[in-house]
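The structure appears right after this line, and notes come after that.
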Amino acid sequence: MVRAKSIKGNKAIFTVLLLICVIGFWLFENFYTPATYSVAAEGDFKSEMSLTMLPSSTTGDIVAHNHYILSYNEPYEQAEWVAYELKKEHLTNDDRKRPYFIEDPKVKTKSADWRNYRGSGYDRGHLCPAGDRRFSEQAYNETFYTSNISPQDRDFNAGVWNRLEMQVRQWAKRYGSIFVVTGGVLEDGLKEIGEEDVDVPNYYYKIVAKGEKSHLEVIAFLIPGRPSSKPLEQFAVPIDQIEKLTGIDFFEKLPIEITAELEQNVNMEGWRF
DNA sequence: CTGGTTAAC
DNA sequence: GTTAACCAG
């Protein structure tokens, strides 16, 4: 009978579709890997320094890569901070091929596409500098996630900001090991670029720490995202000022007795420029 | 070092 | 769309 036959036919088609779904899912699970530079084996965030000195996250979206950690702020389409330890041994001149900027596979909300920056007039400015992570291909490539960049004025990035990054490398070379936290000041009313509305910070900050937990030495910088030929010293500010602007608590895991005075003052002794 | 632009595949 | 070579501050 015609009707029975058609039901049978539908059943067969349904079975085939189901099989395709099952096989497809199996293939996806077993062979699909998202674009990533991550390598499970590498990673050096077991160190006490990194764990005890991480800032607070205003978003809760903390992502740990093998050689730096960040807190992503989705509405601004960039990290609110990026933190990493810079050791003397990290400083190398290894020649590396610049990879493509890709979405950070570990940011659940998806980090901004690099095309937001195209034609915007702004640089894709690294937060964790590529120049600090040249010691391995993995470390270098990791800095090319779009979660690690922020729109920066060309002459700011290649100028005063680059000078600060070079100074930080000098400090690492001189003092052995330092801890760095950096980001743009994310606030209301910022200019936005691209289809995803990536915010353009007006200010960038960088906090550098060295020494033992008990007597930490910290210096903080707040620099407008414009070209400047002023000496870096003139941009030093108390950490408190950056905390008020960003809402981030930079040494929340350390005892208040240690951090209170540390954060209220600018102490440049112990930091040779 | 910090990057962008261009042209060829 | 990707990549390598070249260019600029």
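So you know, we letter chains A, B, ... as the sequences are listed, proteins then strands, and number each from 1.
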Positional range of nucleotides in DNA chain C within the contact set of chain A, heavy-atom, under 4.0 Å: C:dT2 to C:dG9

Sequence-distant partners of A:T246, side chain to side chain donor-acceptor pair (under 3.5 Å), two or more places apart: none

All pairs passing salt bridge (charged side-chain N to carboxylate O under 4.0 Å, His left out) where residues 55-81 of chain A contributes a residue, at least two apart: none

Please report, to 0.1 Å, the donor-acceptor pairs under 3.5 Å made by any side chain of residues 117-124 of chain A, with sequence neighbours excluded.
unit_1	atom_1	unit_2	atom_2	d
A:Y117	OH	A:I149	O	3.4
A:S120	OG	A:Y117	O	2.7
A:S120	OG	A:Y122	N	3.0
A:Y122	OH	A:K191	NZ	3.4
A:D123	OD1	A:R154	NE	3.0
A:D123	OD2	A:R154	NE	2.8
A:D123	OD2	A:R154	NH2	3.2
A:D123	OD2	A:N157	ND2	3.1

Positions of residues 151-165 of chain A (non-hydrogen atom under 4.0 Å from DNA chain B), listed by number: A:R154, A:N157, A:A158, A:N162, A:E165

Salt bridge (charged side-chain N to carboxylate O under 4.0 Å, His left out) partners for A:E243, two or more places apart: none

Strand-adjacent residues in residues 114-124 of chain A, judged by heavy atoms under 4.0 Å from DNA chain B: A:D123, A:R124

Which pairs would a plain distance check flag for residues 163-171 of chain A, meaning a side-chain donor or acceptor within less than 3.5 Å of a matching protein atom at least two apart in sequence or in another chain?
unit_1	atom_1	unit_2	atom_2	d
A:R163	NH1	A:K230	O	3.0
A:R163	NH2	A:S228	O	3.0
A:R163	NH2	A:K230	O	2.8
A:E165	OE2	A:W161	NE1	3.2
A:R169	NH1	A:D132	OD1	2.6
A:W171	NE1	A:R272	O	2.7

Which residues share a side chain to side chain contact (heavy atoms under 4.5 Å, CB included) with A:N116, sequence neighbours left out: A:A112, A:D113, A:E195, A:E196, A:V198

Residues which pass side chain to side chain contact (heavy atoms under 4.5 Å, CB included) with A:P99, listed by chain and number, not counting sequence neighbours: A:Y37, A:Y140, A:N141, A:F144

For A:D95, side chain to side chain contact (heavy atoms under 4.5 Å, CB included) partners two or more places apart: none

Under 3.5 Å, side-chain donor or acceptor atoms of residues 253-267 of chain A against the rest of the protein: list the pairs with distances, not counting sequence neighbours.
unit_1	atom_1	unit_2	atom_2	d
A:N265	ND2	A:E261	O	3.1
A:N267	OD1	A:E269	N	3.1

